[in-house]
Amino acid sequence: MKSAFLPTLLSLSLISVAHAQQTGKPEDTEVYEPVPKVVTPGPYTTSAPPSDAVVLFNGKDLGEWVSVADRKVPAKWKVADGLLTVDKAQGNIETRRTFTNYQLHLEWRVPANITGTGQVRGNSGVFLASIGQGDLGYELQILDSYNNKTYVNGMAGSIYKQRIPLANPIRKPGEWQAYDVVWTAPVFKSDGAVQSPARVTVLFNGVVVQNNVALDGPTQYIGKASYQQAHGPSPIKLQAHGDKSEPLSFRNIWVREL
Ligand code: MG
């Protein structure tokens with residue numbers, strides 16, 4: 001038992017060190033303006049995977065996904081009728097494969113009967129590089145941002161608590177949304193210092209909401225983001241957010257390595 005516990009304790013203490021300088025309240029990093037203008041996207045069109053894509057979810061199975069809590073365990077969210085639906089009791093899931101620079105397509109849908117307000121209404125997220133358990137990584141927020149006020153650096157299309165989207169092109173709950181992402185991983189020097197930061201471009205329902213923005217570091221719920229730890233190729237992670245609102249569904253997820 002002792003040897004089994006040791007790595008857990010070690011990783012917990014490393015996480016505490018990484019977060020030790022993060023002080024204050026979550027509200028300290030919430031930003032409420034400028035409010036991105038509402039843009040009505042064009043009619044929905046799907047985007048089938050090109051020939052060189054790695055299909056991460058094709059509507060049938062979760063073979064490309066594992067549990068974040070234990071990467072040896074297959075992901076156990078619900079697959080039915082061609083859709084992947086979050087199972088909040090199972091926690092976050094992430095890809096079996098790791099990626100550095102890539103193009104990602106992902107479709108998501110907030111259920112029509114969604115309840116709640118602000119951050120507890122259809123919250124999920126795509127961690128563009130998962131760098132550890134829980135929510136460690138760089139989160140592109142997923143949220144019902146259709147007539148749902150919250151801090152603008154926490155709405156759909158934001159890089160959570162770091163980059164406000166340039167527009168709000170979300171469709172109503174019950175309709176499908178699409179993210180197309182170009183991710184450039186951060187590069188670290190041999191001593192762990194940042195050589196070049198992560199960069200991200202995001203199209204949300206065909207509208208650019210992040211335009212090749214450089215990131216300050218992985219997402220932080222409390223305190224400012226900064227690069228604490230060098231990392232290499234990383235999984236892509238989907239968030240099971242712990243609020244009580246009805247779970248989201250995903251479909252047609254594919255990635256092309258660049
Ligand atoms: Mg989220």
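Remember, predicted model here, so these are calculated numbers, not experimental data. Computation of the quantities below employed the complete heavy-atom set of this structure, encompassing side-chain atoms and omitting hydrogens, waters and symmetry-equivalent molecules.
- The distance from the CG atom of L140 to the CZ atom of F127 is 10.0 Å, given to the nearest 0.5 Å.
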Sequence neighbours excluded and cut-off under 3.5 Å, please list the side-chain donor-acceptor pairs for residues 36-44, or say none.
residue: Y44; atom: OH; partner: E107; partner atom: OE1; Å: 2.4
residue: Y44; atom: OH; partner: E107; partner atom: OE2; Å: 3.4
residue: Y44; atom: OH; partner: R251; partner atom: NH2; Å: 3.3

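- Remark: K72 pairs with D70 by the salt bridge (charged side-chain N to carboxylate O under 4.0 Å, His left out) rule, at least two apart or across chains.
- Put simply, the side chain of Q162 gets close to the backbone of G217: a donor and an acceptor are under 3.5 Å apart.
- Although no hydrogens or angles enter the test, the distance criterion places a donor-acceptor pair under 3.5 Å between the side chain of S245 and the main chain of G122.
- In this view, D28 satisfies the side-chain hydrogen bond (donor to acceptor under 3.5 Å, both in side chains) rule with no residue, not counting sequence neighbours.
- Interatomic distance, L62 CG to S67 OG, rounded to the nearest 0.5 Å: 11.5 Å.
- The 12-atom threshold is not exceeded at CD of E33, counting heavy atoms of other residues, nucleotides or ligands nearer than 6.0 Å.
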Evaluate the side chain to side chain contact (heavy atoms under 4.5 Å, CB included) criterion for residues I222 and T29: first the C-alpha distance (whole Å), next the side-chain angles of each, then the deciding distance (0.1 Å), finally the verdict.
CA-CA 7 Å; I222 295 173; T29 47; over 6 Å; no
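- Partners of R121 by salt bridge (charged side-chain N to carboxylate O under 4.0 Å, His left out), not counting sequence neighbours, listed by chain and number: D144.
- Residues forming a salt bridge (charged side-chain N to carboxylate O under 4.0 Å, His left out) with K76 (at least two apart in sequence, or on another chain): none.
- L166 and I164 fall into different hydrophobic clusters, where Ile, Leu, Val, Met, Phe, Trp and Tyr side chains are chained together by heavy-atom contacts under 4.5 Å.
- Evaluation of the salt bridge (charged side-chain N to carboxylate O under 4.0 Å, His left out) rule for D135 yields no partner, not counting sequence neighbours.
- Under the 30°/60° scheme for interplanar angles, the aromatic rings of Y227 and F188 are found to stand perpendicular.
- In this view, T184 satisfies the side-chain hydrogen bond (donor to acceptor under 3.5 Å, both in side chains) rule with no residue, not counting sequence neighbours.
- Under the 4.0 Å criterion applied to side-chain N and carboxylate O atoms, R97 and E64 are assigned as salt-bridge partners.
- Both L128 and F99 are part of a single hydrophobic cluster, where members link through side-chain heavy atoms under 4.5 Å apart.
- No side-chain N or O of T98 forms a donor-acceptor pair with one of S234 less than 3.5 Å apart.
- Residues passing the ring-ring contact (aromatic ring centres under 6.0 Å, His included) test with Y179 are W108, F204, sequence neighbours excluded.
- With Q133 contributing its side chain and A69 its backbone, the two residues share a donor-acceptor pair below 3.5 Å.
- Residues passing the ring-ring contact (aromatic ring centres under 6.0 Å, His included) test with Y138, sequence neighbours excluded: W183, H231.
- Neither side chain, R163 nor N153, offers a donor N or O lying under 3.5 Å from an acceptor on the other.
- Screening residues 39-54 for salt bridge (Lys or Arg N to Asp or Glu O under 4.0 Å), with sequence neighbours left out, gives D52-R256.
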Evaluation steps, side chain to side chain donor-acceptor pair (under 3.5 Å), between S124 and Q239:
CA-CA 5 Å; S124 181; Q239 186 183 45; 5.1 Å; no
Checking V126 against K237 for the side chain to side chain contact (heavy atoms under 4.5 Å, CB included) test, could you report, in this order, the C-alpha distance in whole Å, the side-chain angles of both residues, the deciding distance, and whether it holds?
CA-CA 6 Å; V126 194; K237 174 163 65 186; over 6 Å; no
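- Considering V181, D180, L203 as possible partners of H105, the one that fulfils the side-chain contact (heavy atoms from CB on, under 4.5 Å) test is D180.
- Note that CG of L84 is 7.5 Å distant from OG of S249, once rounded to the nearest 0.5 Å.
- In this structure, I114 is a member of the same hydrophobic cluster as L248, with clusters built from ILVMFWY side-chain heavy atoms closer than 4.5 Å.
- When E30, H241, Q141 are each tested for a side-chain hydrogen bond (donor to acceptor under 3.5 Å, both in side chains) with Q119, only one passes: Q141.
- Side-chain contact check for N252 and T46: at least one donor-acceptor pair (N or O, by modelled atom type) lies under 3.5 Å.
- Sorted by first and then second residue, the ring-ring contact (aromatic ring centres under 6.0 Å, His included) pairs with a member in residues 53-85 form an empty list; sequence neighbours excluded.
- Using a 4.5 Å cut-off between side-chain heavy atoms of Ile, Leu, Val, Met, Phe, Trp and Tyr, V187 forms no hydrophobic cluster with any other residue.
- Using a 4.0 Å cut-off between a side-chain N of Lys or Arg and a carboxylate O of Asp or Glu, K161 and E139 do not qualify as a salt bridge.
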